Trainee: 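Quick one: structure below, then a few questions.
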Amino acid sequence: RVLFRSQLTDGWSIAGLVVGLVATLAGVALLLWGMLEFRSPARTWALEENRLVTSGIYAHVRHPQHSGIIAAAFGVTIAFQTVVGLLLATVALLWSLVQIRLEDQRLIVLFGDDARRYIAAVPGYVPRWTAYRERVE
């Protein structure tokens, strides 16, 4: 038996498991898609910035890696219904909120008005359906 598992009925447990696993898989897919968009480990972890990436998944969400980690963390929490999982997912969310704020500030320093327009137009966590279009001057 899982430590701190909630006492839900079997039907709710199965539904939670399915929803949680779907969220986890979607989160992992989003995380990997965001990493692959850069096609470089150095750029993936923001060690090398030579352009503002606004295409692919980044045209729909600014921080797909953070979105993926949060979705996967809460997905696992829902699937296995543990208080420990909820605490870990909450810590991951709080860490991510700080990190994306710092990352957005860094983008502004590096790319100026282009970054400001991008940040204003593209959501941080939840992907939007329509793609961001850069303004051509």
Side-chain angles (χ1 to χ4, degrees):
R1 189 155 178 115
V2 177
L3 184 63
F4 299 115
R5 186 176 175 90
S6 64
Q7 301 299 316
L8 298 176
T9 65
D10 287 340
W12 281 108
S13 293
I14 291 169
L17 181 64
V18 170
V19 168
L21 291 177
V22 168
T24 300
L25 292 174
V28 170
L30 198 54
L31 171 68
L32 293 175
W33 191 0
M35 292 173 75
L36 290 173
E37 191 68 41
F38 282 105
R39 294 178 181 82
S40 161
R43 286 195 306 262
T44 297
W45 299 112
L47 299 174
E48 171 189 315
E49 299 95 359
N50 55 9
R51 67 184 176 94
L52 179 62
V53 178
T54 61
S55 60
I57 188 62
Y58 289 90
H60 301 275
V61 63
R62 283 195 327 269
H63 302 285
Q65 289 99 329
H66 288 278
S67 298
I69 289 169
I70 299 306
F74 280 100
V76 168
T77 299
I78 292 166
F80 297 105
Q81 304 163 10
T82 65
V83 172
V84 172
L86 180 60
L87 291 174
L88 292 173
T90 302
V91 168
L93 176 61
L94 294 174
W95 169 82
S96 178
L97 289 169
V98 171
Q99 284 301 113
I100 69 164
R101 186 176 197 114
L102 294 173
E103 289 174 17
D104 286 347
Q105 289 172 353
R106 187 172 183 190
L107 289 177
I108 290 169
V109 167
L110 292 169
F111 303 107
D113 287 338
D114 289 340
R116 283 185 187 89
R117 282 190 293 275
Y118 174 68
I119 290 166
V122 179
Y125 281 108
V126 179
R128 68 179 188 173
W129 189 256
T130 58
Y132 173 74
R133 302 279 188 243
E134 290 184 65
R135 190 174 85 183
V136 178
E137 296 183 28

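In this text, all values refer to a predicted model and were calculated from it rather than measured experimentally.
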Trainee: Between Val61 and Tyr118, what is the shortest heavy-atom contact and its length?
Mentor: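 So the minimum-distance heavy-atom pair works out to O-OH, 3.8 Å.
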
Trainee: Return the OG1 to CD1 distance between Thr54 and Ile119, rounded to the nearest 0.5 Å.
Mentor: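 Reported value, rounded in 0.5 Å steps: 12.0 Å.
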
Trainee: Please name the pair of heavy atoms, one in Thr24 and one in Val76, separated by the smallest distance, quoted to 0.1 Å.
Mentor: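 Looking at all heavy atoms of both residues, the closest pair is OG1-N, 3.1 Å.
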
Trainee: Has the side chain of Arg62 got a donor or acceptor atom that lies under 3.5 Å from a matching backbone atom of Ile100?
Mentor: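 Not a single qualifying donor-acceptor pair exists.
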
Trainee: Is a donor from one side chain sitting under 3.5 angstrom from an acceptor on the other, for His66 and Gln99?
Mentor: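 On atom types as modelled, these side chains do not qualify, holding no pair under 3.5 Å.
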
Trainee: How many angstroms lie between CZ in Arg101 and OG in Ser96, if you round to the nearest 0.5 Å?
Mentor: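 Separation between the atoms: 13.0 Å.
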
Trainee: If you take all heavy atoms of Phe74 and Leu86, which pair is closest and at what distance?
Mentor: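 Taking Phe74 first and Leu86 second, the nearest heavy atoms are CE2-CD1, 4.0 Å.
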
Trainee: Quick check: does any side chain N or O of Tyr58 sit under 3.5 Å from a backbone N or O of Val122, one acting as donor and the other as acceptor?
Mentor: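 Between the backbone of Val122 and the side chain of Tyr58 there is no qualifying donor-acceptor contact (under 3.5 Å).
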
Trainee: How many angstroms lie between atom CG of Leu88 and atom OG1 of Thr82, to the nearest 0.5 angstrom?
Mentor: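 Here the rounded value is 7.5 Å.
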
Trainee: Keeping the roles fixed (side chain from Tyr125, backbone from His63), state whether a donor-acceptor pair exists under 3.5 Å.
Mentor: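 Flag not set: sc Tyr125 to bb His63 has no pair under 3.5 Å.
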
Trainee: Do Leu87 and Val91 have side chains that approach each other closer than 4.5 Å (heavy atoms only, starting at C-beta)?
Mentor: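 Leu87 does not reach Val91 side chain to side chain.
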
Trainee: Going only through I, L, V, M, F, W and Y residues with side-chain contacts under 4.5 Å, is there a path from Leu94 to Ile70?
Mentor: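 Yes, Leu94 and Ile70 fall within the same hydrophobic cluster.
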
Trainee: Please report the shortest heavy-atom distance between Gly27 and Ala71, naming the atom on each side.
Mentor: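 Closest approach of Gly27 to Ala71, heavy atoms only: CA-CB, 3.7 Å.
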
Trainee: Treating Ile, Leu, Val, Met, Phe, Trp and Tyr as nodes and any side-chain heavy-atom pair under 4.5 angstrom as an edge, say whether Val126 and Leu97 lie in one connected cluster.
Mentor: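 They do share one cluster, since a chain of ILVMFWY contacts under 4.5 Å joins Val126 to Leu97.
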
Trainee: Hydrophobic clusters here meaning ILVMFWY residues chained together by side-chain heavy-atom distances under 4.5 Å, can you tell me if Val53 and Trp33 are in one?
Mentor: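 Val53 clusters together with Trp33.
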
Trainee: Going by an N to O cut-off under 4.0 Å, is there a salt bridge joining Asp113 and Arg116?
Mentor: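 Counted as a salt bridge, because a side-chain N and a carboxylate O are separated by less than 4.0 Å.
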
Trainee: Looking at Thr77 and Ala73, what are the two nearest heavy atoms and their distance?
Mentor: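 Here Thr77 and Ala73 meet closest at OG1-O, 2.9 Å.
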
Trainee: What pair of heavy atoms forms the shortest contact from Leu30 to Ser67, and how long is it?
Mentor: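 Scanning both residues, the minimum pair turns out to be CD2-CB, 3.4 Å.
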
